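Just so we're on the same page: letters track the sequence lines, and every chain starts at 1. Just so it is clear, the model here is predicted, and its values are computed rather than measured.
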There are 2 protein chains.
Amino acid sequence: MANPRPYSGLIERLKAVGLRPTRQRLALAKLLFGPGNRHVSAEQLHGEAVGAQVRVSLATVYNTLHQFTAVGLLREVVVEPGRSYFDTNTSHHHHFFCEEDRNLVDIPGEELKVEKLPRPPPGTTVTEVDIVIRVRKNPGLEG
Amino acid sequence: MANPRPYSGLIERLKAVGLRPTRQRLALAKLLFGPGNRHVSAEQLHGEAVGAQVRVSLATVYNTLHQFTAVGLLREVVVEPGRSYFDTNTSHHHHFFCEEDRNLVDIPGEELKVEKLPRPPPGTTVTEVDIVIRVRKNPGLEG
DNA sequence: CATTAGTTTTAGAATCATTCCAAAAACATG
DNA sequence: CATGTTTTTGGAATGATTCTAAAACTAATG
Ligand SMILES: [Mn+2]
Ligand SMILES: [Mn+2]
Ligand SMILES: [Zn+2]
Ligand SMILES: [Zn+2]
């Protein structure tokens with residue numbers, strides 16, 4: 001009946017980064033690291049967990065997202081004030097962001113290159129380059 | 001004693017964009033559009049106003065910043081969750097951002113170019129390209 | 001298996017930037 | 001000055017996030 005490998009690999013993956021594979025962390029990891037990459041907010045993920053019968057508090061979702069981010073399983077993306085998104089794609093890449101439907105879409109690394117990175121201010125070192133291409137839905141023709 | 005032209009040009013500038021030059025708006029404009037470009041948060045600007053003996057509510061500062069942004073006198077910059085910055089430099093340019101001291105620095109347009117802008121998702125049009133180069137203060141050697 | 005110490009989760013309060021509201025003030029016009 | 005409109009404002013409301021201290025859980029030990 002029950003899936004024989006409900007957390008295939010996830011337990012090892014958590015252990016590998018030094019996080020105990022608790023029920024909550026496993027359930028959230030399962031939601032996050034399923035097929036395909038995702039960009040979710042804390043509230044969103046909490047909603048999905050609740051919807052999937054997983055009992056977990058919002059505080060734990062925040063804790064877990066930050067822990068996952070700290071160990072490199074997630075990346076935090078800031079595109080609008082007030083809300084953070086967590087990205088399961090931790091490779092170097094950039095984003096399209098549609099403010100209308102708050103949708104984040106990955107831009108494959110090769111499709112966007114920066115030429116001539118400027119020298120950072122004296123006494124500082126570059127830690128990251130974030131490019132957000134903001135888009136608007138075309139008028140008319142909508143489904 | 002008092003400066004003979006305390007709001008040189010500002011009144012006309014506000015009228016030109018269809019905003020009444022009220023006491024509050026003039027005072028805020030004066031703080032914002034003095035020499036040099038600035039990146040300020042609402043709380044920051046409110047603090048400056050209060051410090052300059054200008055009586056203005058925080059609500060009005062928010063209203064004014066958004067109005068100025070709507071008419072193109074300012075640009076809103078999002079680099080961290082929870083807080084918006086307003087940029088007096090409305091020309092196309094990008095930013096360095098130091099998370100440690102929350103300092104935003106302009107990158108002149110010429111010093112940074114994007115090659116091969118990717119095609120936006122079907123049904124959307126690009127409205128803006130925002131590049132944030134995050135930096136960290138170098139360890140040691142500090143004053 | 002029972003004890004114990006350390007870790008994780010949790011509900012609920014607290015924070016903080018921002019927005020909302022309805023009343024007061026300022027302004028423009030006749 | 002009278003009147004209608006725009007602005008300002010204090011204070012309440014919102015919403016995401018963080019904090020707190022207590023409860024639940026785990027691992028290790030005897
Ligand atoms: Mn965070
Ligand atoms: Mn805004
Ligand atoms: Zn992404
Ligand atoms: Zn700028």
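Under the side-chain contact (heavy atoms from CB on, under 4.5 Å) rule, A:H95 has a single partner from A:I131, A:I107, A:D106, A:V105, which is A:D106.
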Considering only nitrogen or oxygen atoms on both sides, find all protein atoms under 3.5 Å from nucleotides 9-15 of chain C and state each distance.
residue	atom	partner	partner atom	Å
C:dT9	OP1	A:T22	OG1	2.6
C:dT9	O3'	A:Q24	NE2	2.7
C:dT10	OP1	A:Q24	NE2	3.4
C:dT10	OP1	A:R55	O	3.4
C:dT10	OP2	A:S57	N	2.9
C:dT10	OP2	A:S57	OG	3.4
C:dT10	OP2	A:T60	OG1	2.8

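For B:D130 and A:R134, the salt-bridge test passes: some basic side-chain N is under 4.0 Å from an acidic carboxylate O. A salt bridge links A:E80 with A:R102: at least one charged nitrogen is closer than 4.0 Å to a carboxylate oxygen.
Each end of the helix from C:dC1-D:dG30 to C:dG30-D:dC1 gets its own axis from five base pairs, and the two axes differ in direction by 10°, given to 10 degrees.
Residues A:L32 and A:T88 come closest through the heavy atom pair O-CG2, 3.5 Å.
Remark: A:R13 qualifies as a cation-pi partner of A:F33 under the 6.0 Å distance and 45° angle criteria applied to the six-membered ring.
Considering only heavy atoms from C-beta on, A:E115 stays 4.5 Å or farther from B:V114 through its side chain.
A donor-acceptor distance shorter than 3.5 angstrom exists from the side chain of A:H93 to the backbone of A:S91, with no hydrogens or angles considered. With B:Q67 contributing its side chain and B:L19 its backbone, the two residues share no donor-acceptor pair below 3.5 Å.
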> Between B:R136 and B:E99, is a salt bridge (Lys or Arg N to Asp or Glu O under 4.0 Å) present by the stated rule, with each step listed?
Replying inline: CA-CA 7 Å; B:R136 182 190 333 113; B:E99 330 223 355; over 6 Å; no
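Non-hydrogen atoms lying under 4.0 Å from DNA chain C are contributed by nothing in residues 37-45 of chain A.
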